[in-house]
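Worksheet: one structure, shown below.
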Amino acid sequence: MAPFEADEFWDDLLAFIEEGRVIPVVGAELLTIQPEGLPAVPLYRAVADRLLTLHKLNSLPQEHYGLYEAVSAVAAERRVRMKDLYRQIHDILKKLLAEQTPELQPLRDLASIDHFNLFVTTTPDDLLARVLTAVRGAPADEIPYAPLLPTDKRRDIPEAPSSRYTAVFYLFGKADVGPFYAIHDEDSLEFPYTLQAGNGPERMFSQMRSRNLLLIGCNFADWLSRFFIRLSNPDRLFSDQRTKKEYLVGEETARTRDFTVFLERFSQDSRCYPIDAASFVTELYQRWRERNPSSEQGPDRPPAEAPAGGTIFISYSSDDLGAAKSVFDDLQAIGGDVAWFDKSVLKPGDNWERQILGAIQKCSLFLPLLSANTEQRTEGYFRLEWDEAAERSKRIAGRKFIFPIVIDQDYGGDIGRFTLVPERFKTLQYSHAPAGKMGDALRVEIKDQLRTLRRARAS
């Protein structure tokens, strides 16, 4: 590996990013949480500590440890069945993220670099996907992977994705109550082994092998780092025919002397940057923005303008995010241009409130999703959205604007059960989309509305 030169590193990396030839691989070092009154700690160190506490073990004595070490300690000291720990860790992670706010700014900066369209995460949380959805204004496609993942959960990137397509690939699985994500060293061996054996998403894996990889804070063991780099290359590492590179960033990577020596000798197209992951992303974002001033409006930017033809705004309670994504998918399938905001990552006071209300004033169709959840919540962003849409509808004549959709499975047509809605909604016809799955009649009606709007704009 050539001696490190910062300017050469940045010029090389940014040139490939702007050509769309880099995939970021996001690791655990980039994720921290801030317990109240305490210094920030790595997210998965906190998960490990809670797992040890659950099994009445003291924290591990090593200076650097994480989830894998905690799992090994629990299995050894408590003789717990390994397969029983997946559900426990899933619950710990879910509860921890509900109680404490993770530091998301590095992920927001990465998501704001719109030359990235494919991302890989090495952690099982969905934080990266949620931030991408919020920053880019459309749901990121989530592609989980696990050797034993049920067939109905397997996904791949499209053969011909749209220009706005964004995807997150869960290299070591997505947190689940079952054994569908990596929690120990043997998992971390099995996942890439079965991936290269053809058991994973072929198109996504092909992209990883053809594009340059930017590994940010991926604290792999030495052996796994070597295996992963070889796995992601179609040619031997020392081959003069190699056409791709790896950029490795993070404090742990720089500490592993044996690994850096291996790269120096056998992988001269790899570059290491000895800097902590969060500081690197901050600098990457700043340098990219300086080179692309017209491409970026900052992490709090509104979604990109949708093409002419009618934008659809989906309004929902954060409890109904899954159903909202199903509605989004159905609308995209019929050619709808959807303005999307993921309120699950918003906090009161965010600048997004202004952007959301502005989008409602500009959208062509407004789809509020009604459910038992919305009836139970007396406060939420969606209520502000509903009031804004109801007020705007008073100025619209001659066409439909608001399409209330009930997403409860057991809805029997009784609109009287929804009392906490604007009076304007009560005068409208409600549609039914169980769990967000739109029926043919609703699809046809919205498709007709979009066609009418496009004709009006074209005339």
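Source: prediction; values computed, not measured.
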Query raised in the report: Any ion pair linking R417 and E375 (charged N to carboxylate O, less than 4.0 Å)?
Result: no
Query raised in the report: If you measure from OH on Y247 to CG on D12, what distance do you get to the nearest 0.5 Å?
Result: 3.5 Å
Query raised in the report: Does E103 use its side chain to pair, donor to acceptor, with the backbone of Q105 at less than 3.5 Å?
Result: yes
Requested in this report: Answer yes or no: is there a donor N or O on one side and an acceptor on the other, between the side chain of R451 and the main chain of I446, under 3.5 Å?
Outcome: no
**Report entry** Shortest non-hydrogen contact from Q100 toward Q34
**Finding:** OE1-C, 4.3 Å
Query raised in the report: Does the side chain of L104 reach to within under 4.5 Å of the side chain of V131, using non-hydrogen atoms?
Result: yes
Requested in this report: Check whether more than 12 heavy atoms from other residues, nucleotides or ligands sit under 6.0 Å from atom NZ of K426, and answer yes or no.
Outcome: yes
Report summary line: Closest non-hydrogen atoms of L370 and P404, given as atom of the first, atom of the second and distance, are CD1-CB, 4.3 Å
Query raised in the report: Salt bridge between R130 and D125, side-chain N to carboxylate O under 4.0 Å?
Result: no
Query raised in the report: Between W288 and H115, what is the ring plane arrangement, given parallel below 30°, perpendicular above 60°, and tilted in between?
Result: perpendicular
Requested in this report: Report yes if some heavy atom in the side chain of I23 is under 4.5 Å from a heavy atom in the side chain of N212; otherwise report no.
Outcome: no
Query - pair T166-T133: side-chain heavy atoms closer than 4.5 Å - result: no
Report task. Identify whether the distance between the nearest side-chain nitrogen and carboxylate oxygen of E246 and R271 falls below 4.0 Å. Result -> no
Query raised in the report: For S315, does its backbone N or O pair with a side-chain atom of E385 as donor and acceptor, under 3.5 Å?
Result: no
Report task. May I ask you to decide if M204's main-chain N or O and D156's side chain share a donor-acceptor pair within less than 3.5 Å? Result -> yes
Query raised in the report: Should R50 and E99 count as an ion pair when the cut-off is N to O under 4.0 Å?
Result: yes
Query raised in the report: Just wondering, do L43 and T123 contact through their side chains at under 4.5 Å, heavy atoms?
Result: no
Query - Inter-residue atom distance F280.CZ - R287.CZ, 0.5 Å rounding - result: 9.5 Å
Report task. For E202, look at atom CD and say whether over 12 heavy atoms of other residues, nucleotides or ligands are found less than 6.0 Å away. Result -> no
Report task. Please confirm whether R392 makes a cation-pi placement over F401, using NZ or CZ under 6.0 Å from the six-membered ring centre and within 45° of the ring normal. Result -> yes
Report summary line: Nearest heavy-atom approach of L231 to R209 is O-NH1, 2.6 Å
**Report entry** Taking every non-hydrogen atom, the tightest pair across Y430 and V406
**Finding:** CD2-CG2, 3.9 Å
Query - Side-chain ion pair, R424 and E391, N-O less than 4.0 Å - result: no
Query - Interatomic spacing from CG in L57 to CG in L52 - rounded to 0.5 Å - result: 5.5 Å
Report task. Taking T282 for its side chain and A278 for its backbone only, find out whether a donor-acceptor pair lies under 3.5 Å. Result -> yes
Query raised in the report: Got more than 12 heavy atoms from elsewhere within 6.0 Å of CG, D410?
Result: yes
**Report entry** V22 vs R211 side-chain heavy atoms within contact, under 4.5 Å
**Finding:** no
Query raised in the report: Between R155 and D141, is there a salt bridge with N-O shorter than 4.0 Å?
Result: yes
Query - Considering all heavy atoms, the nearest A70-A48 contact - result: CB-CB, 3.6 Å
Query raised in the report: N219 versus T122: any side-chain heavy-atom pair under 4.5 Å?
Result: no
Query raised in the report: If you round to the nearest 0.5 Å, how far is OH of Y285 from CD of E290?
Result: 11.0 Å
**Report entry** R443/D440 ion pair, N-O < 4.0 Å
**Finding:** yes
Query raised in the report: Is there a side-chain contact between I314 and I405, using heavy atoms and a 4.5 Å cut-off?
Result: no
Query raised in the report: Would you find a donor on one side and an acceptor on the other, under 3.5 Å apart, between the side chain of R136 and the backbone of Y165?
Result: no
Query - R154 atom CZ: more than 12 heavy-atom contacts under 6.0 Å - result: yes
**Report entry** Gap between atom OG of S232 and atom CG of L215 - 0.5 Å precision
**Finding:** 7.5 Å
Requested in this report: Ignoring hydrogens and angles, state whether a donor on the side chain of T194 or Y145 is under 3.5 Å from an acceptor on the partner side chain.
Outcome: yes
Query raised in the report: Taking all atoms of both residues into account, what is the closest heavy-atom pair of I275 and E283, and its distance?
Result: CD1-OE1, 4.2 Å
Query raised in the report: Is the closest side-chain heavy-atom distance between P102 and T32 below 4.5 Å?
Result: no
Query raised in the report: Is there a donor-acceptor contact under 3.5 Å from the side chain of D126 to the main chain of A129?
Result: no
Query - Parallel, tilted or perpendicular: rings of H432 and Y411 (30°, 60°) - result: perpendicular
Query raised in the report: Is it true that E142 and K325 make a salt bridge, defined as a side-chain N closer than 4.0 Å to a carboxylate O?
Result: yes
Query raised in the report: Counting N and O atoms only, with roles assigned by atom type, does the side chain of Y316 sit under 3.5 Å from a partner on the main chain of G322, one being a donor and the other an acceptor?
Result: no
Query raised in the report: How are the rings of F191 and F172 set to each other: parallel, tilted or perpendicular (split at 30° and 60°)?
Result: tilted
Query raised in the report: Under a 4.0 Å N-O cut-off, is there an ion pair linking R87 with D91?
Result: yes
Query raised in the report: What is the distance from atom CD of E18 to atom CG of N292, rounded to the nearest 0.5 Å?
Result: 4.5 Å
